[in-house]
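What follows is a set of notes on a single structure, which appears directly below.
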Amino acid sequence: METIKSVDIYELGSPGEKSSPWSSTILIVKLTSSNGNVGYGEAPTTFMTLPVKESMREVERVFKDQNYFNIEKNMREFYKHSFYLSRSMEATSALSAFEIASWDLIGKDLGTPVYNLLGGEYNSELRAYANGWYSDCLEPDDFVSRAKEYIKKGYTAFKFDPFRNNFDRIGNDGIKKAVDIVSAMRSELGENIDLLIECHGRFSTKYAIKVGQALDEFNPLFIEEPIHPEMELGLFDFKRYVNTPVALGERLLNKEDFARYISQGMVDIVQADLTNSKGILEAKKISAIVESFGGLMAFHNAFGPVQTAATLNVDYTLTNFLIQESFEDSWPDWKRNLFSGYRIENGHFKLSGKPGLGITADEKLMEKLIYDGMEEFNKNEPSWVVSGTYK
Ligand SMILES: O=C(O)[C@H](O)[C@@H](O)[C@H](O)[C@H](O)CO
Ligand SMILES: [Mg+2]
């Protein structure tokens with residue numbers, strides 16, 4: 001029986017190098033098996049780096065010395081101990097990292113990519129959408145000319161938040177500015193480019209509806225988190241008055257959360273995040289629930305390379321895959337060089353086909369990037385926006 005012999009938790013970062021503010025640090029767990037193989041997992045940060053790092057120590061107490069093939073058992077064991085798990089983003093994130101790393105080990109032990117253990121390859125080309133591409137863009141022309149650079153790289157879908165520093169409420173001027181940006185993107189880039197509108201859960205219901213109605217005419221692929229996440233009942237009204245499909249999920253924690261949303265018709269496109277909703281097997285379960293209600297999957301993927309690799313392994317197997325989020329082309333070099341194995345070419349992701357998650361760590365670089373502390377903080381710009389856009 002192979003067990004988890006040692007656990008290493010890495011906080012990595014390179015202060016000063018431009019990075020998405022919410023992901024200027026990343027958290028990686030490395031599990032070493034009794035047979036010498038290593039598996040990697042990742043947890044999200046966003047103003048919670050140190051609490052999540054600390055939570056990973058709690059997960060370690062449960063997972064250490066266990067047989068990592070027993071994913072269900074180990075997950076349930078942590079569930080039993082972690083009284084607040086069902087409500088804790090930090091605990092669920094920490095747990096997810098261990099789950100993902102366990103799969104990396106399992107795949108490596110069996111000599112096969114993780115997707116082969118989850119139903120096999122259904123999608124071989126994974127269409128990506130670009131995010132992070134619009135840093136410092138404020139005016140319609142800024143957005144259009146930056147998007148054109150990404151179209152040259154092969155992207156055909158763009159997510160962006162055109163709402164600047166409007167929060168809770170938005171006035172006519174704020175709506176007009178957003179409309180100008182979205183309308184310029186549509187008219188300059190054409191009907192074949194998909195526009196994905198990100199609201200970052202910033203509005204209360206009435207204002208979200210105003211925004212949604214104003215943008216419907218530009219036919220976005222979806223509108224994301226239009227309403228503050230805890231005001232989810234507002235989604236019923238939102239969906240009554242706005243035609244654009246609703247996407248959300250990056251702040252939901254488990255399949256039961258997703259089951260409530262999808263079964264009540266509160267969401268169309270589900271953006272679960274493997275690193276904060278219990279990892280790979282839960283992602284398969286969530287996707288199955290969503291599929292049963294006719295929903296599509298577009299996994300949230302805003303952190304580091306282990307997250308991307310884990311997510312792609314699930315994407316490969318999905319019959320209800322829509323599109324995959326990607327920040328890769330706006331990453332700083334340190335993040336790009338940490339792991340090799342998957343590619344993004346011509347706006348599509350491809351895995352290496354190597355065993356496990358299919359990635360290899362540059363361990364020397366990892367050692368160099370070890371960092372201790374919270375991610376960057378800017379009083380004037382919350383960490384969840386693309387930098388230079390909250391004005
Ligand atoms: O959809 C997304 O990619 C996210 O909303 C990001 O834009 C977040 O701001 C970040 O993930 C914060 O955790
Ligand atoms: Mg989002």
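Whatever order the structure lists ligands and atoms in, that order sets their numbers, starting from 1.
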_Give the atom numbers and elements of ligand 1 that come within less than 4.0 Å of a heavy atom of Phe327._
3 (O)

_Which of the numbered atoms in ligand 1 are under 4.0 angstrom from any heavy atom belonging to Ala302?_
3 (O), 11 (O)

*Could Arg336 and Asp333 be called an ion pair, given the rule that one side-chain N must be under 4.0 Å from one carboxylate O?*
yes

*Between Ser23 and Lys335: side-chain donor-acceptor atoms closer than 3.5 Å*: yes

*Counting only heavy atoms, which portion of Trp22 has something under 4.0 Å from ligand 1: side chain, backbone, both, or neither?*
side chain

*asked:* Using a strict threshold of under 4.0 Å (side-chain N to carboxylate O), is an ion pair present between Lys30 and Glu363?
replied: yes

*For ligand 1, does Asn301 get within less than 4.0 Å through its side chain, its backbone, both, or neither, judged by non-hydrogen atoms?*
neither

*Would you call Glu54 and Arg57 a salt bridge, taking side-chain N to carboxylate O under 4.0 Å as the test?*
no

*Leaving waters out, which protein N, O or S atoms fall under 2.8 Å from the Mg ion (ligand 2)?*
Glu198 OE2, Glu224 OE2, Glu250 OE1

_With heavy-atom distances below 4.0 Å as the criterion, list the atoms of ligand 1 near Thr46._
12 (C), 13 (O)

_Heavy atom of Glu224, distance to ligand 1 below 4.0 Å_ = yes

*Nearest protein heavy-atom contact for atom 9 (O) of ligand 1: which residue, which atom, what distance?*
Trp384 O, 2.5 Å

*Indicate whether the side chain of Asp216 and that of Thr244 have a donor and an acceptor atom separated by less than 3.5 Å.*
yes

*If you measure every N/O of Lys159 against every N/O of ligand 1, is any gap under 3.5 Å?*
yes

*Using heavy-atom distances, let me know which of His200, Arg251, His300, Gln271 sits nearest atom 7 (O) of ligand 1.*
His200

*Can Arg202 and Glu225 be counted as an ion pair, charged N to O under 4.0 angstrom?*
no

*Between the side chains of Lys284 and Thr317, is a donor N or O closer than 3.5 angstrom to an acceptor N or O?*
yes

*asked:* Before we go on, tell me: are the rings of Phe327 and Trp22 under 6.0 Å apart, centre to centre?
replied: yes

*Are a donor atom and an acceptor atom from the side chains of Asn301 and Thr308 found within less than 3.5 Å of each other?*
yes

*Glu198, portion touching ligand 1 at heavy-atom distance under 4.0 Å*: side chain

*Quickly, which of Lys64, Glu58, Met56 forms a side-chain contact (heavy atoms from CB on, under 4.5 Å) with Glu60? Name it, please.*
Lys64

*asked:* For the residue pair Glu282 / Ser277, report whether a side-chain donor-acceptor contact shorter than 3.5 Å exists.
replied: no

*Quick one: look up the protein heavy atom nearest atom 3 (O) of ligand 1 and list residue, atom name and how far away it is.*
Glu325 OE2, 2.5 Å

